[in-house]
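What follows is a set of notes on a single structure, which appears directly below.
What's counted below: heavy atoms across the whole structure, side chains too, no hydrogens, waters or symmetry copies. Counting convention: from 1, in listed order, for ligands and their atoms alike.
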Amino acid sequence: MALPSPDIPWWRSGTVYQVYPRSFQDSDGDGVGDLAGIERRLDHIVALGVDAIWLSPIFPSPMADFGYDVADYCGVEPMFGDLAAFDRLLAAAHARGLKLLLDFVPNHSSDRHPWFVASRASRTNPKRDWYIWRDAAAGGGPPNNWISDFGGSAWEWDAATGQYYLHAFLKSQPDLNWRNPDLKRAMFDAMRFWFDRGVDGFRIDVLWHIVKADGFPDNPVNPAWHPGITERDRLIQQHSTDQPEAHAIAAEMRALADEYGGRLLIGEIFLPNDRHARWYGTPERAQVHLPFNFQLIENAWDAATLRATIAAYEASLPPHGWPNWVIGSHDAPRIAARIGEAQARVAAMLLLTLRGTPTLYQGDELGIGQVDIPPERVRDPQELRQPGIGIGRDRSRTPMPWDDSAFAGFSTVEPWLPLNADWRTRNVAAQDGDPSSMLTLYRRLLALRRARPALGLGDIALVEADRDVLAYERRYGGERLLVALNLSDEPRAMPFAGEVLLSTLAGRDDGLRPNEGVVLSPSPRP
Ligand code: GLC
């Protein structure tokens, strides 16, 4: 078997596991998860077989957007613990060989951040220009037509100083002005603060949003908009996102990360392939290592679509760009809710056998499916502002069910969001020793991926197969592995001859059973 070179960075063959701190483990009985809780549950993450944890924001925050509204970039939200608790968690993760990534939120802060409090105090405050302030339009009203991602105008009037400020998300999340050199320096200092403490990298929130076109022109109207989708999509975000200056800042962030050596930057970026690929930068002036690829979440779940998605994405990558795939997050519907549990097992195999760094989201390893949130328990500000179009994010943020004790072992009190209705049977303890559980499947897939460089690092070639079957080969050095996924609930022909190393189902069959995925080692060629 070809041994990977020691020069290959860990994150190429590694797997990232997203922890949503509010919902992982509560250790102090307030119904909300915390850092000490995460530390207590690290062994679950190690046993799963991932390489890195990415923590959604842990910084002081009024929690208007559950931590994505940061009031201090260099602190820890008291609800989650303190810097000492963070240092303990980091040391405990490192002691177990796990990397730890934080979530950097550069586009906006909380309106309670002291910078914004100063900025809105007067037009002449030295921090005025750290945010984006504009006069009303000539005839009155907002400076342009931009719409907040959470609905409504992206501009909020400030009566005290007689100007509007920009907010791409909630009005309590004012956008920072990255064209101001002092603000930029302060944000880079925040990155250094955490790098100096030893964090292994950042997931960077809405990176493609951070600079807006000079002159703030109106965004074009989207002809495809209809009332069933979010208000944001009324416009094409041509001038409010993906500006050349944002790429330049990403390159500076990367240079900073490279100064520290071995640190990883993942950018949250939603764009079509050609523009998405530009976020890798060039070999001479690299940007992020991994621009998050959400296409498995966004695209239809059928073999033809997936095949076309994989081919187009692979073809779009620059030669130095390493792919990555995401199948769940705190923003997206749960994969098992979207495609059903049987196909969620196939999805796990797809995610962990494709070429590229996979990111798993907590709870997907248990196959948590649809969780219905009663109206009185809805907490997601996006859902509260635009009810009825099915965009609620709470259903993916419910607490981890650890066992069948009270509150699923997550807390000693009623948690901030309800548990999955089937938590008494769908929990970590119940799935731990069960050979047919989703958890066992994830562990096996991750172990196989670790053991086989063809899966972790190899090339990929799509292979023709029966209708509804997605098939591909992975190769690294002399090692070759075959993957066949049946996306239908009927039997299909097996496209390969070989020995099955791992199936998503128990037992064996000559063909591909309904909803079955297999990894095979090819039979020697005659
Ligand atoms: C990102 C986060 C999301 C948040 C938004 C605004 O998309 O993932 O949860 O609401 O940015 O910060």
Quick one: side chains of residues 184-191, donor-acceptor pairs under 3.5 Å with protein atoms, not counting sequence neighbours, listed by atom name and distance.
residue : atom : partner : partner atom : Å
Lys184  : NZ   : Glu252  : OE1          : 3.4
Lys184  : NZ   : Glu252  : OE2          : 2.9
Arg185  : NH1  : Asp182  : OD1          : 3.1

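Under a cutoff of 6.0 Å and an axis angle of 45°, Arg128 and Trp133 form a cation-pi pair.
With sequence neighbours left out, Asp28 forms a salt bridge (charged side-chain N to carboxylate O under 4.0 Å, His left out) with no residue at all.
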What are the atom names and distances for all N or O pairs under 3.5 Å between ligand 1 and the protein?
residue  : atom   : partner : partner atom : Å
ligand 1 : 7 (O)  : Glu268  : OE1          : 3.2
ligand 1 : 7 (O)  : Glu268  : OE2          : 2.9
ligand 1 : 8 (O)  : Arg203  : NH2          : 3.0
ligand 1 : 8 (O)  : His330  : NE2          : 2.9
ligand 1 : 8 (O)  : Asp331  : OD2          : 2.5
ligand 1 : 9 (O)  : His330  : NE2          : 2.9
ligand 1 : 9 (O)  : Asp331  : OD1          : 2.7
ligand 1 : 9 (O)  : Arg393  : NH1          : 3.3
ligand 1 : 10 (O) : Asp65   : OD1          : 3.3
ligand 1 : 10 (O) : Asp65   : OD2          : 2.5
ligand 1 : 10 (O) : Arg393  : NH1          : 3.0
ligand 1 : 11 (O) : Asp205  : OD1          : 2.9
ligand 1 : 11 (O) : Asp205  : OD2          : 3.2
ligand 1 : 12 (O) : His108  : NE2          : 2.9
ligand 1 : 12 (O) : Asp205  : OD2          : 2.9

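The salt bridge (charged side-chain N to carboxylate O under 4.0 Å, His left out) analysis of residues 70-81, with sequence neighbours excluded, yields no pairs.
The existence of a salt bridge linking Asp364 and Arg334 is confirmed by a sub-4.0 Å separation between a basic side-chain nitrogen and an acidic carboxylate oxygen. Ionic pairing of Asp103 and Arg203 is present here: one or more N-O contacts between side-chain nitrogen and carboxylate oxygen are shorter than 4.0 angstrom.
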